[in-house]
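Written below as structure tokens is the structure these notes are about.
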Amino acid sequence: MPDKSIKLLTYNVHSCIGNDGKLDPGRIASVIAEAEADIVALQEVDVLRRRTGGVDQAHVIASLLKMQAHFHPALSIAEEQYGDAIITALPTGAVKAGPLPSIGEARGALSIEILVGDRKLLVVNTHLGLRGRERIRQMTTLLNSGWLRGPSDEPVPGILCGDFNAIPSSATYRLAARSLTDAQLAGSAAPRATFPSRYPLMRLDHIFVTEGLVVQRATVLQTRLTRVASDHLPLLAEISFA
């Protein structure tokens, strides 16, 4: 008998600046609330940056959803930070955060152990670089150096998600697909593009699962709100333990 399923959402929020040029973390929180996501992986989150009003976007979004935020800055300039967040109301355990090998803009990843009932789930959120060679090194690091294996010896079912900046024909995507299952291919629906949000052409945002997890369904959320809230569309997957 499978445990209850959880809904995981991955979303590049573009510093909460929409296609209409409006800065609105509340609008991002509305997208997440509508999706009824239990675990949310966000990329391109601003914390205390002058350009976005000096607010902690991870905290603001989490507060609106009555959830807790874990944030990792891929980039820090004085007190201004920019990076990835995992937001959830579920109990969390071990956290790992750190940089990935980068050529251009600094990139990182954030990994959190989440308790779903009495089961442990490892969620790794990342935003990979813009160069192909760089992305392959970053993906290799995530797959091989304890990110997805987690802190303990016994294997914990894991999810690797985020903005990979990589389409399915890319070497980076194929590297992940070798050992993990793409959530968008697990259901009966055809996979959908996530970028750009107005007229999606490319599938850059992904959710991959390890053995021990079953994807019930995965959907790219295309609504009037998601088409304007960010330049990426959010990807939602319903996942249960095998």
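As the structure is a computational prediction, the values presented were derived from the model and not from experiment.
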Distance col, row Thr219:OG1 vs Lys7:NZ, nearest 0.5 angstrom, shows 8.0 Å
| query | Hey, mind stepping through Ser197 and His232 against side chain to side chain contact (heavy atoms under 4.5 Å, CB included) and telling me if it holds? | reply | CA-CA 5 Å; Ser197 55; His232 285 245; 5.7 Å; no
Original post:
When hydrophobic residues are tied together by side-chain contacts of less than 4.5 Å, even through go-betweens, does Val215 share a cluster with Leu121?
Top reply: yes
By side-chain hydrogen bond (donor to acceptor under 3.5 Å, both in side chains), Thr92 pairs with (sequence neighbours left out) His70
Rounded to the nearest 0.5 angstrom, the CZ-CG distance for Phe195 and Leu235 is 15.5 Å
Using a strict cut-off of less than 4.0 Å between a Lys/Arg side-chain nitrogen and an Asp/Glu carboxylate oxygen, indicate whether Asp56 and Arg49 qualify as a salt bridge. no
Step by step, would you call Asp205 with Arg192 a salt bridge (charged side-chain N to carboxylate O under 4.0 Å, His left out)?
CA-CA 10 Å; Asp205 304 87; Arg192 304 279 294 275; over 6 Å; no
Cluster question for you: counting only ILVMFWY and a side-chain heavy-atom cut-off of under 4.5 Å, with indirect links fine, are Leu110 and Leu42 together?
-> no
- Message: For a quick check under 3.5 Å, do Ser230 and Asn12 share a side-chain donor-acceptor pair by atom type?
- Response: no
Is it the case that the side chains of Glu238 and Ser5 hold a donor-acceptor pair, with the cut-off being a distance below 3.5 Å and no angle test?
yes
Check your understanding: Does Arg27 pair with Asp20 as a salt bridge, N-O distance under 4.0 Å?
Key -> yes
When every non-hydrogen atom of Glu134 is compared with those of Ser102, the smallest separation belongs to OE2-CA, 3.4 Å
Heavy-atom closest pair (Ile207 atom, Leu236 atom, distance to 0.1 Å) is CD1-C, 4.4 Å
Any donor-acceptor N or O pair under 3.5 Å, side chains Thr10, Gln43
yes
Between His127 and Asp163, a side-chain donor and acceptor under 3.5 Å:
yes
Nearest heavy-atom approach of Gln222 to Pro200 is NE2-CG, 3.4 Å
| Within the side chain of Asn165, is there an N or O that forms a donor-acceptor pair under 3.5 Å with the backbone of Leu128? | yes
Heavy atoms of Tyr82 and Glu105 approach each other most closely as CE2-OE2, 3.4 Å
Rounded to the nearest 0.5 Å, the CG atom of Leu143 sits from the CG atom of Leu160 at a distance of 6.5 Å
So, for Tyr173 and His206, is the gap between ring centers shorter than 6.0 Å? yes
Would you say Val116 and Ile86 are hydrophobically clustered, going by side-chain heavy atoms of ILVMFWY under 4.5 Å?
-> yes
message = Count I, L, V, M, F, W, Y as connected when their side-chain heavy atoms are under 4.5 Å apart, and connections chain through other members. Are Leu221 and Ile87 then in the same cluster?
response = yes
Original post:
How are the rings of Phe208 and Phe164 set to each other: parallel, tilted or perpendicular (split at 30° and 60°)?
Top reply: parallel
For Asn125 and Ala85, the nearest pair of non-hydrogen atoms, with its separation, is ND2-O, 3.0 Å
The reported gap from CZ in Arg50 to CG in Leu48 (rounded to nearest 0.5 angstrom) is 11.0 Å
All heavy atoms of Leu90 vs all of Ile6, minimum pair found to be CD1-CG2, 4.5 Å
Exercise for the section: Indicate if Leu23 and Val55 have the same hydrophobic cluster label, given that clusters are the connected sets of ILVMFWY residues with side-chain heavy-atom separations under 4.5 angstrom. Expected result: no
One should read off an interatomic distance between Ile112 CD1 and Gln68 CD, to the nearest 0.5 angstrom, of 10.5 Å
- Ser170 side chain to Arg135 side chain, donor-acceptor N/O pair below 3.5 angstrom: no
